[in-house]
Amino acid sequence: MESFFTRFKDALVLIAILLAQTIALAIQVHRPADPNNPDSSQVRLLRLWALSIFTPFERLSTGTGHGIRYAWSNYVDLRHVRREDQDLRQEIANLRLQRAALAEDALEGQRLQALLKFSRNYVSQTVAAHVIGTSGTDQSRILILDKGAHDGLKPDMPVITPDGIVGKIRDVFPSTSQLLLINDTTAGAGVVLQSTRIRAIVHGNPLGRVLITNLTPDSRIKPGETVLTSGGDQVFPRGLPVGKIETIIPDPDHQPYTAITLHTAANLNQLEEVLIITGTASTLDPAVQQELKSEAAETAKQREDRLAAQQAAQKAAAEAAAAQSSAQVLAERLPSLHPDQPEPDPTKPADTKDPNATPAATPPPDNSPDLVPKPKPAAHPDRYSPNATPPANTLTPGAPAPH
C-alpha cells in the first residue's frame with residue numbers, strides 16, 4: 001500500500017486538488033433551476049449535482065416501496081373490504097345530499113359576487129405528484145417531488161391535498177421540484193378565521209408546528225375555530241382549509257400578542273401524494289356550473305315536494321280535528337235512543353213498579369269509552385198511548401169521562 005501511494009503520489013495530489021477546486025466552484029457557482037428559463041430561480045451547482053445523482057435512486061426506492069404496498073393492500077390484505085365498501089357508499093350518498101343542498105347556495109354566492117364585482121379564483125388545473133424524498137434535516141421542512149419544469153411546475157405554486165393546504169413549490173428542476181411545507185420557519189400564508197372573519201398570518205416554528213402570532217387577545221377566538229386561506233398572499237386561492245385552532249396562550253416574547261397553535265387539516269408528516277395547483281380561473285367551469293344548476297333545480301324540487309307534503313299533512317290534521325270537534329258537539333246536544341228500555345204502561349201510576357218489568361239498564365260510568373252521552377230518564381213519563389181514546393161518535397154528551 002505504501003508503494004502505491006509513493007508511486008502515484010503526484011497524481012493523487014493533483015486529483016485531490018482538482019476535486020477540492022470542483023467542490024469549491026460548485027458551492028460558489030449558481031445555475032438556473034430550469035435551463036430553458038434563464039430568469040428562473042438560481043440554485044447552487046453542488047445542489048443541482050446532488051439532486052441529479054440521488055434522484056434516480058430515490059425514484060427507484062420510492063417506486064419499489066409503492067409497488068410492494070400496492071400489491072399487499074390490493075391482493076393480500078383484503079380484510080374488512082366489504083364493510084369498508086358499504087361505509088364508503090353510505091358516505092358518498094351523504095356527501096351527494098350535502099352537495100345538492102349546497103348547490104343553490106353556491107349559485108347564489110356567484111350571483112352576489114357578480115353583483116358586487118368581487119373576484120375570486122377557483123382551482124381549474126392541478127398536477128398530481130409523488131413524494132420521493134426529504135431534506136433529511138429537522139431545521140428545514142422540504143420534500144422532493146417527482147414532477148418538475150417538464151410538467152409545467154413553477155416556483156411559488158400552491159400545493160394541496162384533499163384535506164387542506166400543505167405548502168408551496170420552492171425550487172423547480174427539469175424533472176423534480178422541492179416542496180416547502182407550511183410548517184417551515186420560512187413559510188407563511190394569509191388566513192382568515194371562518195366564523196369571526198378575522199384575518200391573520202400563519203407560519204411554522206422550529207418544532208414543526210403552525211402558529212398565528214400577529215393577533216391580540218380576543219374573546220371571539222376560541223379553540224376549535226376553523227381557519228381558511230384568505231387569498232391575500234397571492235399564492236393560495238381563497239377558502240382552502242388550513243386547520244383548526246388547538247391552543248391559545250399569551251406570547252411571552254411578543255406582548256401583547258397571543259400564540260395560537262393550529263392543528264393542520266392535512267397530515268404533514270405522512271404525505272405521499274399531493275396536488276400542485278397549476279391554474280386558476282375567475283369563474284367555474286361551464287360543466288361544473290351546469291351540474292350545480294341541475295343539482296340546485298333538483299334541490300328546489302325536493303324542497304317544494306317536502307313543503308307540499310307538510311301542507312297536506314297539516315290540512316289533514318286540521319280536518320280531522322274539526323271533524324272530531326263537530327262530533328263531540330253533536331254528541332252533547334242530540335239525545336240518544338235506548339231500544340232496550342220498555343215503554344211505561346199508561347194505566348199504572350207513575351210511582352207503581354211492575355214486578356215483571358225488566359230493570360232499566362245501568363248508565364255507563366263517566367269514564368266509559370262510549371263517545372255519545374246517554375240522556376237522563378224523563379221526570380214525568382207519558383201516561384197515554386196512541387189509539388187509547390174512543391172515537392167521538394161513541395161518546396155521550398154529559399157523560400162522565402172514562403177512566
Side-chain angles (χ1 to χ4, degrees), residues 102 109 113 118-123 126 131 134-135 137-143 145 155-171 177-277 280:
L102 295 175
Q113 289 177 13
F118 177 79
S119 61
R120 177 176 179 178
N121 293 330
Y122 298 93
V123 178
T126 58
V131 177
T134 63
S135 60
T137 61
D138 295 335
Q139 286 74 24
S140 64
R141 297 330 195 259
I142 296 178
L143 302 179
L145 306 180
D156 293 333
M157 281 187 172
V159 183
I160 63 173
T161 64
D163 298 325
I165 67 171
V166 296
K168 65 178 182 179
I169 297 297
R170 180 182 176 181
D171 295 324
S177 58
Q178 291 182 341
L179 165 61
L180 180 66
L181 295 178
I182 195 65
N183 61 347
D184 189 85
T185 55
T186 61
V191 298
V192 60
L193 277 62
Q194 186 176 30
S195 61
T196 59
R197 311 311 298 175
I198 298 176
R199 292 179 177 270
I201 298 176
V202 298
H203 62 85
N205 66 351
L207 299 178
R209 304 301 302 272
V210 179
L211 304 176
I212 297 177
T213 57
N214 66 326
L215 294 180
T216 56
D218 194 329
S219 60
R220 296 175 297 173
I221 304 175
K222 297 180 181 180
E225 174 82 12
T226 302
V227 180
L228 307 174
T229 55
S230 63
D233 53 13
Q234 302 298 319
V235 176
F236 296 97
R238 182 174 180 268
L240 297 178
V242 178
K244 292 186 178 181
I245 295 178
E246 192 172 23
T247 59
I248 303 174
I249 58 175
D251 191 351
D253 298 330
H254 304 87
Q255 290 292 338
Y257 296 99
T258 58
I260 302 175
T261 305
L262 300 185
H263 179 73
T264 57
N267 190 353
L268 303 180
N269 297 323
Q270 296 180 356
L271 291 176
E272 294 184 357
E273 298 177 353
V274 295
L275 294 175
I276 301 100
I277 300 176
T280 57

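Sequence positions, counted from 1, serve as the residue numbers for this chain.
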Out of curiosity, [X] [atom1] to [Y] [atom2], how far, rounded to the nearest 0.5 Å?
| X | Y | atom1 | atom2 | result |
| --- | --- | --- | --- | --- |
| K168 | Q178 | NZ | CD | 13.0 Å |
| T261 | L207 | OG1 | CG | 10.0 Å |
| L262 | I245 | CG | CD1 | 6.5 Å |
| L143 | R170 | CG | CZ | 12.0 Å |
| L181 | I165 | CG | CD1 | 11.0 Å |
| I142 | D184 | CD1 | CG | 6.5 Å |

TODO: Tell me, please, which residues at least two apart from I201 pass side chain to side chain contact (heavy atoms under 4.5 Å, CB included).
DONE: N214
Is [X] reaching over with its side chain to a backbone N or O of [Y], donor-acceptor style, under 3.5 angstrom?
| X | Y | value |
| --- | --- | --- |
| T185 | P206 | no |
| E225 | Q194 | yes |
| T229 | P237 | yes |

N/O donor to acceptor pairs below 3.5 angstrom from side-chain atoms of residues 265-272, sequence neighbours left out:
| from | atom 1 | to | atom 2 | distance (Å) |
| --- | --- | --- | --- | --- |
| N267 | OD1 | N269 | N | 3.2 |
| N267 | ND2 | Q270 | OE1 | 3.4 |

Task: Min side-chain heavy-atom separation R238-V192 under 4.5 Å - done: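 Sidechains of V192 and R238: no contact.
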- [ ] Could you tell me whether the side chain of T226 reaches within less than 4.5 Å of the side chain of P241, counting heavy atoms only?
- [x] no
Please report the closest heavy-atom contact between [X] and [Y], naming both atoms and the distance.
| X | Y | result |
| --- | --- | --- |
| G188 | F236 | O-CE1, 4.4 Å |
| G167 | L179 | C-CD1, 3.9 Å |
| I182 | A187 | O-CB, 3.8 Å |
| K244 | G224 | CD-O, 4.0 Å |
| I212 | A200 | CG2-CB, 3.6 Å |
| D251 | Q255 | O-NE2, 2.9 Å |

TODO: For side chain to side chain contact (heavy atoms under 4.5 Å, CB included), just list the numbers for L228 and V242, CA-CA rounded to whole Å, side-chain angles, deciding distance to a tenth of an Å, and then say yes or no.
DONE: CA-CA 5 Å; L228 307 174; V242 178; 5.6 Å; no
- [ ] Please lay out, stage by stage, how I221 and I198 fare under the test side chain to side chain contact (heavy atoms under 4.5 Å, CB included).
- [x] CA-CA 9 Å; I221 304 175; I198 298 176; 4.0 Å; yes
Open item on the list: So, applying side-chain contact (heavy atoms from CB on, under 4.5 Å) with M157, which one of I276, T126, I277 is it?
Closed with: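 That would be I276; it is the only one of I276, T126, I277 passing the side-chain contact (heavy atoms from CB on, under 4.5 Å) with M157.
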Open item on the list: Checking side-chain contact (heavy atoms from CB on, under 4.5 Å) between I169 and each of V235, L180, V159, D156, which is the one that passes?
Closed with: V159
Open item on the list: Would you say that more than 12 heavy atoms from the other residues, nucleotides or ligands in this model lie under 6.0 Å from the NE2 of H263, or not?
Closed with: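 Open: at most 12 neighbouring heavy atoms sit under 6.0 Å from NE2 of H263.
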